[in-house]
Amino acid sequence: MLWLRALCSRFVLGCAFTDRIELNDSVENLPISQRAAAAPPYVASLNPEQRAAVEALDGPVLVLAGAGTGKTRVLTTRLAHLLSSGRAKPWGVLAVTFTNKASREMRERVEKLLGPGGGGLPWLGTFHSISARMLRTHAELVGLKNNFTILDPDDQIRLMKQIIDAEGIDEKRWPGRQLAGLIDSWKNRALTPEKVPKNEAFAFADGAGVKLYAIYQARLRILNACDFGDLLMHMIDVFQRHPDVLQTYHRKISHMMVDEYQDTNVAQYLWLRLLAQASKNLCVVGDDDQSIYGWRGAEVDNILRFEHDFPGAKVVRLERNYRSTGHILATASHLIANNRGRLGKTLFTDDEDGNRVKVRGVWDGEAEARLIADDIEQWRQGNRSYAECAVLVRAAWQMRAFEERFLMLRIPYKVIGGPRFFERAEVRDVHAYLRLIRSEDDDLAFERIVNQPKRGVGEGTVQKLHAHAGKPPVRFVTDNGPLFDEDTGEVVTEQAEAPGGATRFRTLIGAAREMTITDELPLKARTALRSFLSDLDRWREKSREISHVELAEIVLDESGYTEMLRNDKSPQAQTRLENLKELVQSMGQYDTLEAYLEHVALVLDIEAESDGENVQLSTLHAAKGLEFPLVFLPGWEEEVFPSKRSVDENGDKGLEEERRLAYVGITRARESARISFAANRQIYGRWQVVLPSRFIDELPAANVDAVSETGYGMQAPGVRDMAVEPFSSGYQSPGWRRAQERGAFKGKPPVIDGEARLVARSGDGDAHYRRGDRIFHQKFGYGQVRMVDGNKLTVDFDKAGEKRVIDSFVVPASAA
DNA sequence: TGTGCTTCATTTTTT
DNA sequence: ATGAAGCACA
């Protein structure tokens, strides 16, 4: 033990922790009970709840952090406090987040508090990055080499397809994507093929699911690869089967912290529990009300059960909200109180009441986009920034209407979480080259690029290579002597059972090598393959001497990839070249190819360009953790939000998760939240009449303004039976027509005759008027409404270029 | 190997 | 509506 201490202190003195050590010294001289009192000044600036969370350093701790209660601050301060109080060493703290962004942010903020940490906090990262790091050192325990590849979802699906095909199952009826999803969900629950419950085993292809899963795992092992789920699964396996390994981590890691605990799945829970077993110093931070990832395996139960799972856990509630004004917070709280399964918190703020939450009904999606765009323009004219506005939708398709409107009005916008850099084909191609140079086992990488750029090695040739790879080895004697087995180095003579029961005796590269000296392949393909193989060998050779950045440049150049893009006249080719430049540049930040690929497999999010002056367009999911002064929440309609599928598939559980999503949405707002819903909506090109979301009924009337400025008679939340019958003389909206076809409304649409009372008028001139006890709507083109004689309204209806006056209404004084 | 036509699905998304 | 993916055919 002594030598260990000596080593540690030398290590500490040798690197950039000097100022941290000074902090340590001052506290370390105190008895443990007094250390908290002598805490550094940053702890003093916290509110009492936060401080309690920060200072509970030992034993299990559950921090229930409501939206906007300073969760990140608590987390980072706690980590800093842990270090500066001397309670834990930088290499003894395991701090887990879900996203790379979150872990990056945490690292930065801790460094800000404690000064630059140099190589400190090696165990701060995502579940996956930490697991990958661990697995690299224990790969052999699960039958992998330590240079294993981490497959991206695309490779994963490709592999699934191959397996499904090989098993003689119709890939069209049972798509690889579905199998991937199924296996993923099993892995989320830490189920190995043997452990999959019998009743679920039949979920795919009439009972082949589990078998395919087992084959898939075997194939991965052969390919020296694993997928994201495996990173955790393998480590759980190692921990369970090799207590000595687990113990080394127990010895190393004294304290653990987990962010967003409500989003952990079963596998992550097991992983955490195994690691926390010894020290019990596990602090989890989360908010059961913001658990919105059930569909990808998150178990709210993990957080609900924490006190039970970790007896003696200290629970700290953070309920003081620093983000939103009173009405917004009250609205969100009132809404979420409708959920049954929750630990319960009451958020409060000292801030002023601020604006009431606006709820507005509109005619259709277009009107909604117009309304919101106009609001944004108004905000801008009030000298506020576009970037302060966010439009948060339930599903990605809802963004289109807004994008169209924004483009038309020249409002700059940015889609949060748009297409990701690492998903781009060209980036993945380069990675495939690098992966193949690093490990010949990587058949998927080989397949991806063997004909990229085009070399004349087509699908047919690849088929033959596959077939050959599956043939039992035979002795080949060439001019250069006999061929050797890839792995053992022995001359290949014997027929052997392929490992894992899968049919592969050689890597595809191995097969290619052999087939370039036989005449089974057409000459053209053979020559092409041969030169491709010698390229690969040459690059591999070079990679020992040159940096990985140079390697990438050489590969891009010599493979003809760059040239291919240069010759490509399509507009995307230019972007692709730029992406590649960015890629090569970003590689420079990593010391080795290994380090880079590791990073790539797990993260590779090139920093998004700065937000600048853009309206933020996002799904509700992607907006979690963000905040904006002005938030629009459009599309609050039954079956859209709450999503029909969610409720259909998961019943009340699904509905509650949708409600949490609504809660997340509202609590993103600082100053103003504006909810809207339409009566008609185009969904996948089909018009549908839709009803206001039940969530609208659940809003507290006292904190909400129901505005009918553009709506058609929605007076207050709770009024659901508003008349949505649209009609007109001469013009019927597609939505109305469809509704009529479905028999949604009985009787004939009323016809305008005589006088009607105008209730409201859209900015674009759509008229909403009341006759008798019903409210009707008349849809018109933009800017074609004229007021005549004070309160008499004339509408010009522009149809096929021909303008004609079709109607006039008398406007009651109250609406004018 | 490359093309043009048909079919199909279409919540949310990280690693 | 829309776009991706699969498929038959040149």
Side-chain angles (χ1 to χ4, degrees), chain A residues 96-103 125-132 150-154 156-158 161 170-173 175-178 181 184 187-188 226-233 259-260 263-265 267-268 291-298 365 392-401 404 416-420 422-423 425 451 454-463 522 524-525 528 598-605 618-625 635 639-650 654 657-658 660-662 664-665 681-687 734:
Chain A
V96 206
T97 62
F98 270 84
T99 64
N100 294 294
K101 194 174 153 225
S103 70
T126 62
F127 278 104
H128 297 267
S129 70
I130 294 173
S131 294
I150 299 165
L151 293 192
D152 65 35
D154 210 68
Q156 208 181 330
I157 288 164
R158 205 131 37 102
K161 279 183 180 169
D170 183 7
E171 213 271 327
K172 269 166 74 184
R173 263 198 71 199
R177 179 175 298 277
Q178 197 186 325
D184 223 45
K187 286 186 177 173
N188 282 338
C226 68
D227 60 24
F228 284 122
D230 281 340
L231 292 173
L232 285 148
M233 290 278 282
D259 191 12
E260 305 280 16
D263 288 337
T264 50
N265 61 33
Q268 287 155 342
S291 168
I292 56 174
Y293 286 111
W295 48 274
R296 65 177 200 215
L392 310 181
V393 295
R394 173 67 244 262
W397 58 261
Q398 292 170 277
M399 290 186 192
R400 221 189 58 206
E404 274 170 18
I416 297 177
R420 250 160 285 282
F422 61 88
E423 281 161 6
N451 204 27
K454 303 262 180 287
R455 302 190 166 84
V457 183
E459 213 172 308
T461 306
V462 173
Q463 281 299 311
K524 203 177 122 204
E598 180 82 358
H599 174 76
V600 146
L602 292 165
V603 295
L604 221 172
D605 43 357
S618 168
T619 63
L620 285 160
H621 282 93
K624 188 168 167 213
E639 308 207 335
V640 174
F641 187 40
S643 141
K644 178 177 162 54
R645 194 150 153 191
S646 176
V647 178
D648 283 356
E649 285 176 10
N650 302 308
E657 182 155 315
E658 296 287 305
R660 291 194 289 266
L661 208 44
V664 167
R681 192 172 287 281
Q682 224 177 352
I683 300 172
Y684 304 131
R686 309 232 163 263
W687 279 99

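Lettering follows sequence order; numbering is per chain, from 1.
Between A:Leu231 atom CG and B:dT15 atom C1' there is a gap of 8 Å when expressed in whole angstrom units. Here B:dT15 presents its P atom at 12 Å from CD of A:Glu260, a figure rounded to the nearest Å. What separates CG of A:Asp263 from P of B:dT15 is a distance of 12 Å, to the nearest Å. To the nearest angstrom, P of C:dA5 lies 17 Å from CD of A:Gln178. Counting to the nearest Å, the C1' atom of B:dT15 and the CG atom of A:Asp184 are 10 Å from each other. Remark: P of C:dT2 and CD of A:Gln398 are 17 Å apart, rounded to the nearest angstrom. C:dA4 atom P lies 17 Å from atom CZ of A:Arg158, rounded to whole Å. Rounded to an integer number of Å, the gap from CG of A:Leu620 to C1' of B:dT14 is 17 Å.
For A:Asn451, the side-chain hydrogen bond (donor to acceptor under 3.5 Å, both in side chains) criterion is met by no residue, not counting sequence neighbours. Taking the salt bridge (charged side-chain N to carboxylate O under 4.0 Å, His left out) definition, one finds that A:Arg296 meets it with nothing, sequence neighbours left out. Evaluation of the salt bridge (charged side-chain N to carboxylate O under 4.0 Å, His left out) rule for A:Arg455 yields no partner, not counting sequence neighbours. Residues satisfying the side-chain contact (heavy atoms from CB on, under 4.5 Å) test with A:Arg177, not counting sequence neighbours, are A:Ile157. Residues satisfying the side-chain contact (heavy atoms from CB on, under 4.5 Å) test with A:Ala132, not counting sequence neighbours, are A:Ile150, A:Leu231, A:Glu598, A:Leu602. The side-chain contact (heavy atoms from CB on, under 4.5 Å) search around A:Glu657 returns A:Trp295, A:Arg660, not counting sequence neighbours. Residues passing the side-chain contact (heavy atoms from CB on, under 4.5 Å) test with A:Thr99 are A:Lys101, A:Ala102, sequence neighbours excluded.
At the phosphate of B:dT15, OP1 or OP2 sits under 4.0 Å from a side-chain N or O atom of A:Asn100.
At a threshold of 4.0 angstrom between heavy atoms, the contacts of A:Val393 with the nucleic acid are absent. At the heavy-atom level, A:Lys454 lies under 4.0 Å from the strands shown only through sugar-phosphate atoms.
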Between the protein and nucleotides 8-12 of chain B, are there any N/O to N/O pairs under 3.5 Å, and if so, what are the atom names and distances?
from: B:dT11; atom 1: OP1; to: A:Arg645; atom 2: NH1; distance (Å): 2.0
from: B:dT11; atom 1: OP2; to: A:Tyr684; atom 2: OH; distance (Å): 3.4
from: B:dT11; atom 1: O2; to: A:Arg394; atom 2: NH1; distance (Å): 2.8
from: B:dT11; atom 1: O2; to: A:Arg394; atom 2: NH2; distance (Å): 2.5
from: B:dT12; atom 1: OP1; to: A:Ala396; atom 2: N; distance (Å): 2.7
from: B:dT12; atom 1: O4'; to: A:Arg394; atom 2: NH2; distance (Å): 3.3
from: B:dT12; atom 1: O2; to: A:Trp295; atom 2: NE1; distance (Å): 3.2
from: B:dT12; atom 1: O2; to: A:Arg394; atom 2: NH2; distance (Å): 2.5

Give each protein N/O atom lying under 3.5 Å from an N/O atom of nucleotides 6-10 of chain C, with the pair distance.
from: C:dG6; atom 1: OP1; to: A:Lys161; atom 2: NZ; distance (Å): 2.8

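Taking the C1' atoms as reference points, B:dT11 lies 25 Å from C:dG6, given to the whole Å. Taking the C1' atom of each, C:dG3 and B:dT14 are spaced 24 Å apart, rounded to whole Å.
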Problem - Derivation of the side chain to side chain contact (heavy atoms under 4.5 Å, CB included) call for A:Gln156 and A:Asp184 - result: CA-CA 10 Å; A:Gln156 208 181 330; A:Asp184 223 45; 4.1 Å; yes
Practice task
Starting from the C-alpha separation in whole Å, work towards a yes-or-no answer on side chain to side chain contact (heavy atoms under 4.5 Å, CB included) for A:Asp227 and A:Lys187.
Solution key: CA-CA 10 Å; A:Asp227 60 24; A:Lys187 286 186 177 173; 2.7 Å; yes
